[in-house]
Amino acid sequence: MINFFAGRLLGLLSVVLAVVSITFALIHLSGDPIDALAPPGASPQDRDNLRARYGLDEPVPVQYVTYLADAVRGDFGDSWRQDRPALPAVLNRLPATLALLGAALGIATVAGVGLGLISALYPQRLMTALVNIVALAGQAIPAFWLGTVLILVVAVRWRLLPASGLDGASSVVLPALALAAHPLALITRLLRLGLRETMAQDFIRTARSRGVREGRIVLGHAARNAALPVLAYLGLQASFLIGGALVVETVFAYPGIGSLAYDAAVSRDLPIIQASVAVIAVLIVVIHLIVDLVARMIDPRLIAADASPVARTAVSS
């Protein structure tokens with residue numbers, strides 16, 4: 001387990017370093033940042049003054065080294081548009097984004113696991129068809145289109161929930177539903193396929209021969225084994241959920257990191273962009289770490305696989 005944590009921490013540092021380095025490179029390859037700062041018709045002297053003010057007059061390698069040294073200390077500079085430190089501006093939006101991601105993951109997990117278990121407990125054609133319809137619809141409908149429909153129907157026509165902003169827990173419901181549709185569909189399909197394969201195993205037939213009830217077999221035996229692929233998928237889905245949150249937050253004018261990063265990209269507020277990418281990278285790696293820990297709690301064999309050869313020999317003996 002110690003080796004596991006050490007490897008994951010090294011992986012966290014390497015991933016964050018790679019992400020911030022790629023972000024720095026892409027920003028400088030996309031054009032001169034001064035073009036977004038200088039007003040139309042600015043003189044060459046004014047442009048040079050802006051370069052000196054924001055440290056853009058140095059060679060790119062020097063800028064990169066300075067950028068990394070400041071990023072290690074959590075200093076991404078001041079926002080070019082908001083005139084305040086970039087990292088605190090991003091971290092102020094983090095709770096709203098975490099609330100949205102948590103709500104979306106909760107909805108997707110509860111509904112997806114529920115539909116997957118129902119399809120396993122009641123494998124009739126009608127139930128299977130309904131589950132397939134839900135799964136296909138969730139994968140086919142884009143989040144921005146679903147979000148727009150939810151705003152028009154639930155918020156505007158029915159006036160049940162707020163259409164935008166963040167004013168209490170009710171404001172999170174519609175964005176979370178739009179964001180949860182795709183992972184919900186995939187969790188349902190993964191769990192249903194996993195349960196179908198697990199239910200054909202020998203230990204399931206043995207449990208049936210002993211007179212164990214079908215519901216207990218599915219919930220107590222098969223679901224535990226079928227949950228591992230779902231957990232692995234949730235770890236991979238973290239980055240896609242955060243990427244989807246950018247679109248959903250923009251549609252609902254939700255004050256999270258996604259909408260902040262989108263506004264910064266439009267206005268080319270580079271410090272905000274760099275701080276947002278770094279925070280998102282750390283968030284994704286932490287989510288992967290949590291998923292790996294939960295997977296090892298469910299299946300202790302993964303802990304033995306992480307151990308050293310000496311430890312594995314001791315475990316086997």
Where is the tightest heavy-atom contact between Arg93 and Ile257, given as atom of each residue plus distance?
CB-N, 3.7 Å
Contact summary for Leu174 and Pro162, nearest pair of heavy atoms:
CD1-O, 3.5 Å
List the atom of Val248, the atom of Pro175, and the distance in Å for their closest heavy-atom pair.
CG1-O, 3.6 Å
Hydrophobic clustering (ILVMFWY, side-chain heavy atoms < 4.5 Å, transitive) - are Val60 and Val65 grouped together?
no
Salt bridge (charged side-chain N to carboxylate O under 4.0 Å, His left out) pairs, two or more places apart, involving residues 55-70:
Asp70-Arg73
Quick one: do Tyr67 and Ser21 satisfy side chain to side chain contact (heavy atoms under 4.5 Å, CB included)? Show the steps, please.
CA-CA 9 Å; Tyr67 165 66; Ser21 299; over 6 Å; no
Give me the ring orientation class for Trp80 and Tyr54: parallel if the planes are under 30° apart, tilted from 30 to 60°, perpendicular past 60°.
tilted
So Leu56 and Leu50, side chain to side chain contact (heavy atoms under 4.5 Å, CB included) or not? Walk me through it.
CA-CA 8 Å; Leu56 299 175; Leu50 286 174; over 6 Å; no
Residues which pass side chain to side chain contact (heavy atoms under 4.5 Å, CB included) with Ala103, listed by chain and number, not counting sequence neighbours
Val172, Ala176
Pairwise distance CG(Leu105) to CG(Leu98) - rounded to 0.5 angstrom:
11.0 Å
Give the minimum heavy-atom separation between Pro255 and Ala96, together with the two atoms involved.
O-CB, 3.4 Å
From CG (Leu246) to CG (Leu179), nearest 0.5 Å:
11.0 Å
Quick one, Leu184 and Val134 - any side-chain contact, counting heavy atoms below 4.5 Å?
yes
Side chain to side chain contact (heavy atoms under 4.5 Å, CB included) between Val277 and Val20, worked out:
CA-CA 7 Å; Val277 170; Val20 297; 5.5 Å; no
State plainly whether one hydrophobic cluster holds both Ile133 and Val131, where clusters connect Ile, Leu, Val, Met, Phe, Trp and Tyr through side-chain heavy atoms under 4.5 angstrom apart.
no
Residue pairs meeting side-chain hydrogen bond (donor to acceptor under 3.5 Å, both in side chains), one or both in residues 162-171, sequence neighbours left out, come to none
In terms of heavy-atom contacts, Gln274 and Phe24 come closest through NE2-CD1, 4.2 Å
Report whether Val251 and Val149 are members of the same hydrophobic cluster (ILVMFWY, side-chain heavy atoms less than 4.5 Å apart, transitive linking).
yes
Can you measure from CZ (Phe76) to OG (Ser276) and round to the nearest 0.5 angstrom?
9.5 Å
Quick one: do Ile107 and Trp145 end up in the same hydrophobic cluster if we chain Ile, Leu, Val, Met, Phe, Trp and Tyr together by side-chain heavy atoms under 4.5 Å apart?
yes
Measuring from Leu101:CG to Leu283:CG, what's the distance to the nearest 0.5 Å?
6.5 Å
Hey, does Val282 have a side-chain heavy atom less than 4.5 Å from the side chain of Val285?
no
Rounded at 0.5 Å granularity, tell me how far CG in Leu17 sits from CG in Leu68.
6.0 Å
Is there a path of hydrophobic side-chain contacts, each under 4.5 Å between heavy atoms of I, L, V, M, F, W or Y residues, that connects Val286 with Val90?
yes
List the atom of Ala108, the atom of Ala180, and the distance in Å for their closest heavy-atom pair.
CB-O, 3.8 Å
Arg84 atom CZ: more than 12 heavy-atom contacts under 6.0 Å:
yes
Which residue pairs pass the side-chain hydrogen bond (donor to acceptor under 3.5 Å, both in side chains) test with at least one member in residues 95-106, sequence neighbours excluded?
Thr97-Glu249
Taking Ser259 for the side chain and Tyr254 for the main chain, is one N or O donor matched with an acceptor at less than 3.5 Å?
yes
The single option from Ile272, Val279, Asn92 that satisfies side-chain contact (heavy atoms from CB on, under 4.5 Å) with Leu87 is Val279
In this structure, CG of Leu177 is separated from CG of Leu146 (nearest 0.5 Å) by 7.5 Å
Residue pairs meeting salt bridge (charged side-chain N to carboxylate O under 4.0 Å, His left out), one or both in residues 251-277, sequence neighbours left out, come to none
Scan for side-chain hydrogen bond (donor to acceptor under 3.5 Å, both in side chains) pairs involving residues 179-195, sequence neighbours excluded, and state none if there are none.
Asn132-Arg192, Gln139-Arg189
